[in-house]
Protein chains: 2
Amino acid sequence: MRIWNMWKGSYKRIFGRVVKEMSEYTGLSEGDFGVLDRLVQFGNGKLRQQELADSMDWDKSRLSHHLTRMEKRGLVLRKPLDTDRGVQITITASGKSILDQALPIVSKAIRKHFLDLLTDEDIESITKLAVRSKTP
Amino acid sequence: MRIWNMWKGSYKRIFGRVVKEMSEYTGLSEGDFGVLDRLVQFGNGKLRQQELADSMDWDKSRLSHHLTRMEKRGLVLRKPLDTDRGVQITITASGKSILDQALPIVSKAIRKHFLDLLTDEDIESITKLAVRSKTP
DNA sequence: ACCTTGTGGTTGATACGTCAACCATGATAT
DNA sequence: ATATCATGGTTGACGTATCAACCACAAGGT
């Protein structure tokens, strides 16, 4: 239980610092960043909603709500496909420019608040736990 | 960045499993459990709101909102102190009984989904990271 | 033709988190 | 005495997360 609380505490502190740094400088939430980043990484700017949901490991409802807010802020566009009933999500120019701004900030923040605290053994430990935790 | 994502992923999976197991069986959220547990651990059933907030590392607003919901469900009671403008939070009988139900479930879930995945070196790593992450 | 099932998505309700504004009161400074 | 500040808390607004219900359409089985 002590281990559990330490683990939770570390995560919340570190994660909070990284997210806060990003959102202060760019106005993006973690979810916003995840969506935009995947759009360009995996789809060169556009993805169908289902693919996006899968890659984020979000359910369709969560993504739908989130996209509604992002669309309202002009970060993405929704447009129905005519081939089937899917929807294509496209990053807007403004979304792309904010993402480009965010990328270096995020990677610096991760380095500063996380990677710099880790020894090689810590990284080893994290890697292995990630594998073990994948199948319950 | 890969390390970061692995770390985030492990946390979310494991944490989600533990919380889900608790909430399915007891109807308590993580916040509910934290409040009730601290009330009995640190205050023998009652704490002033400020102490509770400090021990949870929550701001007063968050706690106030949460207590409103918990009070509505009959888990805690609020009563103003006459010595100063503080408020005393007391666990109710029903809150106590739900907590007693939850405790073994939580500790079993933590063991099953978390501790059992860890080697001694992992624990060492977690412990040290917790210390290093305390002061940014 | 009709019923079920699956896919892809939206919507509403409710819980949770965060921020800023507010309020009451006591302590301190001028 | 009056202004200022600190303490302890509440409130409202808004973003985020989850759940269940819904809708439209296509494909298969009867």
Side-chain angles (χ1 to χ4, degrees), chain A residues 8 11-13 15-24 26-36 46-90, chain B residues 8 11-13 15-24 26-36 46-90:
Chain A
K8 257 194 344 188
Y11 180 85
K12 295 197 167 165
R13 280 191 297 274
F15 186 76
R17 286 172 196 148
V18 169
V19 167
K20 189 164 184 191
E21 202 152 313
M22 174 178 69
S23 78
E24 261 169 15
T26 68
L28 296 180
S29 68
E30 200 218 347
D32 300 336
F33 179 81
V35 167
L36 297 181
K46 51 189 67 172
L47 281 178
R48 58 160 30 209
Q49 194 159 324
Q50 185 59 34
E51 293 172 327
L52 190 50
D54 290 344
S55 77
M56 311 246 317
D57 204 32
W58 280 11
D59 66 34
K60 53 189 185 165
S61 169
R62 181 175 179 183
L63 182 58
S64 179
H65 282 304
H66 204 96
L67 289 175
T68 301
R69 294 188 297 265
M70 291 182 73
E71 200 179 13
K72 206 168 300 177
R73 289 191 289 148
L75 297 172
V76 296
L77 275 176
R78 266 165 161 147
K79 112 180 64 153
L81 298 174
D82 26 328
T83 66
D84 62 9
R85 268 144 317 300
V87 171
Q88 179 144 97
I89 309 300
T90 315
Chain B
K8 255 194 346 189
Y11 180 84
K12 294 196 168 164
R13 281 190 297 275
F15 186 76
R17 287 171 196 149
V18 169
V19 167
K20 190 165 183 190
E21 203 153 313
M22 173 178 69
S23 77
E24 262 170 14
T26 69
L28 296 180
S29 69
E30 199 219 348
D32 299 336
F33 179 81
V35 167
L36 297 181
K46 50 188 68 174
L47 280 178
R48 58 161 29 209
Q49 195 159 324
Q50 184 59 35
E51 293 172 326
L52 190 50
D54 289 345
S55 77
M56 312 247 315
D57 206 28
W58 280 12
D59 67 33
K60 53 191 185 164
S61 168
R62 181 174 179 184
L63 181 58
S64 180
H65 282 303
H66 203 95
L67 289 176
T68 301
R69 295 188 296 263
M70 292 183 72
E71 200 179 13
K72 207 169 299 177
R73 289 190 288 147
L75 298 172
V76 295
L77 275 177
R78 266 164 161 149
K79 112 180 66 151
L81 298 174
D82 26 328
T83 66
D84 62 8
R85 268 141 322 298
V87 170
Q88 178 143 98
I89 310 300
T90 315

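Chain letters run A, B, ... following the sequence lines, proteins first, then strands; residues in each count from 1.
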- 5' precedence on DNA chain C between A:Val87 and A:Lys20 (nearest-nucleotide basis): A:Val87
- How far does CG of B:Leu28 sit from CG of B:Leu75, to the nearest 0.5 angstrom? 6.5 Å
- Identify the residue among B:Gln50, B:Met56, B:Glu51 that makes a side chain to side chain contact (heavy atoms under 4.5 Å, CB included) with B:Asp54. B:Gln50
- B:Gln49 CD to D:dT7 P: how many Å, rounded? 16 Å
- Task: Send over the distance from B:Arg48 CZ to D:dT7 P, rounded to a whole Å.
- Result: 13 Å
- Quick one: CG on A:Leu36 to OG1 on A:Thr26, what's the gap to the nearest 0.5 Å? 9.5 Å
- Separation of D:dG9 atom C1' from B:Glu71 atom CD, nearest Å, is 13 Å
- Please give, in whole Å, the distance from C:dA15 P to B:Met70 CE? 13 Å
- Sequence neighbours excluded, the answer for side chain to side chain donor-acceptor pair (under 3.5 Å) partners of B:Lys46 is none
Atom pairs and distances, donor-acceptor, side-chain atoms in residues 57-64 of chain B, under 3.5 Å, two or more places apart:
from    : atom 1 : to      : atom 2 : distance (Å)
B:Asp59 : OD1    : B:Ser61 : N      : 3.1
B:Asp59 : OD1    : B:Arg62 : N      : 2.7
B:Ser64 : OG     : B:Arg78 : NH2    : 3.4

Restricting both atoms to N or O, compile the protein contacts to nucleotides 23-27 of chain C shorter than 3.5 Å, with distance only.
none

- By side chain to side chain contact (heavy atoms under 4.5 Å, CB included), which residues pair with B:Asp84, not counting sequence neighbours? B:Arg48, B:Leu81
- A:Leu81 CG to D:dA26 C1', straight-line distance once rounded to whole Å: 16 Å
- Send over the distance from B:Leu75 CG to C:dA15 P, rounded to a whole Å. 12 Å
- Can B:Glu30 and B:Lys20 be counted as an ion pair, charged N to O under 4.0 angstrom? no
- Note on the structure: B:Asp82 atom CG is separated from D:dG8 atom P, nearest whole Å, by 16 Å
- Task: Hey, could you give me the CG/CD distance between B:Leu52 and B:Gln88, rounded to the nearest 0.5 Å?
- Result: 11.0 Å
- Sequence neighbours excluded, the answer for side chain to side chain donor-acceptor pair (under 3.5 Å) partners of B:Ser29 is B:Asp32
- Task: Classify every nucleotide of nucleotides 11-18 of chain D by which part a protein heavy atom approaches to under 4.0 Å, writing B for the base, S for the sugar-phosphate alone and - for neither, in 5'-to-3' order.
- Result: BBB-SBSB
- Query: Atom CD of A:Glu51 to atom C1' of C:dT7: distance rounded to whole Å?
  - Reply: 14 Å
- Could you tell me whether the phosphate oxygens of C:dG9, OP1 or OP2, come under 4.0 Å of any side-chain nitrogen or oxygen in A:Gln50? yes
